[in-house]
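Below: one structure, written as structure tokens.
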Amino acid sequence: MGARSRIVITICMLGILALGPVSSAWAFDAEDLPFGFGPWGWQEGLQLSQENVRSLGLFGYEKTGIGGFLTHAEGDDQPSSWFGGHKQVYMGNVGYTLELFAGNTQRPVLSTFLTSSEPHFGAYGEFNRMYGDVGTGLAGTAQIFVTELGQFEYSISPYIQFSRQGLWRFSLSLGSFFGIGMSYSEPLEKVKLDITLVNEGLSFHVLFSITELPMTLGLGMTQEKVQAFMRYLF
Amino acid sequence: MKRYLSPLITISAIMMLCFFAMMVFPGFAAADDLPTTLHLDLSQPPQRETEDEDLALKKYNEVMEEIAISAEAKEVVEQIKNAVEGVADLTMDISVTEIRGQRIERMCFTLLASVESKVARVEFSEPSELRGYILVANQEKMESRMYQPINNQIAVRGLEDASKEVLSTLSIADLNTFFDFSQYKVEILEVVEEEGVCDYLLQVDGLEEMLQVRVKSNTWFPHEIAVFEEDALVGTMNIGEVVLNPGLCLEELTDLPKVKEVRM
């Protein structure tokens, strides 16, 4: 290819760099067995997820997937479950996530820790944008409980995040509840931390990924109730 | 005038090729005249063919002379070619502006490239949607690694899926030929002399797009290239802070934040 053609492509086809080179899809699926111990006693279950990743040029990708889990605690008659479908799009420093879910536990913290609740269905949305090392975003959740009262809950969480030796996120939770939160993800995502203070109740969750083994270990505390988890990925 | 010249040159070139083909392969012109048996005399060198080739070469040179550039333009083109030739590695700041209808899109990045290791590193600074993104393309491994600040991850992709055009454009091994305009019709449109340095504005003609290249005589490295399509400006590329042969090492080129890698 001649010099002229190369220059023309470089200038005129920024789109090639931005959108052209790859647009294929990859499929990921993951299964893991969560074993836990908490206020309800021993708990075990199965977690499944399937995700398709489609590249949007060099600078973006789109993830579409479904996932969920089913667990049973020894002190509970009914199994706990949570299922959701999501779409996540990143294009450069802009990203958004949409998720629809249903379950009888709350949206799992760090995709692991469970807090039982009434059966419900709902939606989660998030929009975020980075400006180099600093970013801002807005997340929102709305859920309707399948009970006689048909209770409705919602929250809007503006947040700010920093990328310094990992990803730090500080958020506010407004809506049905008021709260503040902080989360941290270590650069290699081997350690994840989540701390929230909602209606004077403190929650603390930490998750460790073991490099040598396909395993994650987690410890959480929600309003003086402690739970520990071990997830074996296969 | 130039618009009419380009098709004329193409037609002339096609006619020359046909003429050349007919001379070398006379059977194409009169297949019916072929003898039923073929005798090959390999004892003598094919004198006639050499004469034909000389004639074709002469005609080719005549055609090329028609599109040949002036002596001054030829010298400038040669100087540009020489400035890039033999470069082992380089760094430069590039700003690309593309005009799409009413919209003007701008992208700024720093390019670091090594011909020897066939690695290019691109650090994006503009637009804000791409600020902080770092792309490391390794042509030898046919792999690209992109640091994404949005999720603090590195996306690893194979270059096999990239189109041949893109691969050829981004080819680090052919870096020396990126500013080789010797195959094109080049005209000097303007020369501005300032403090002993001449700033040349060259016009590089093509069939569809036309380039205007600005180059200074103190570096002979193009600092502005504009692309025109049917006399309308399509985009510009500004090049600054050029450092040739800075001695980049592979570690410097491939260094990315130590974060989670996701293989696509």
A:Gln161 versus chain B, the contacting section by heavy-atom distance below 4.5 Å: side chain
Sort out for me which residue in A:Leu167, A:Asn128, A:Val94 forms a side chain to side chain contact (heavy atoms under 4.5 Å, CB included) with B:Ile150. A:Asn128
Closer than 3.5 angstrom, by distance alone: can the side chain of B:Tyr133 be matched with the main-chain N or O of A:Gly92 as a donor-acceptor pair? yes
Against chain A, work out which of B:Ala155, B:Ser144, B:Pro149, B:Pro127 has the most heavy-atom pairs shorter than 4.5 Å and name it. B:Pro149
Can you check whether A:Tyr61 reaches B:Asn151 side chain to side chain, under 4.5 Å on heavy atoms? yes
Can you tell me which portion of B:Phe228 sits under 4.5 Å from chain A's heavy atoms? Options are side chain, backbone, both or neither. neither
Identify the two heavy atoms, one from B:Arg157 and one from A:Ser55, that lie closest to each other, and give their separation to 0.1 Å. NH2-OG, 3.3 Å
Over 12 foreign heavy atoms within 6.0 Å of CD, A:Glu44: yes
So B:Gln153 and A:Glu189, side-chain contact (heavy atoms from CB on, under 4.5 Å) or not? Walk me through it. CA-CA 9 Å; B:Gln153 287 182 350; A:Glu189 294 183 20; 3.0 Å; yes
Rounded distance (nearest 0.5 Å) linking atom NZ of A:Lys190 with atom NZ of B:Lys260: 11.0 Å
Tell me whether B:Asn152 contacts the main-chain N or O of A:Pro187 through its side chain, where contact means a donor paired with an acceptor under 3.5 Å. no
Decide yes or no on side-chain contact (heavy atoms from CB on, under 4.5 Å) for A:Met130 and B:Gln148, but give the supporting numbers first. CA-CA 10 Å; A:Met130 288 295 283; B:Gln148 306 171 138; over 6 Å; no
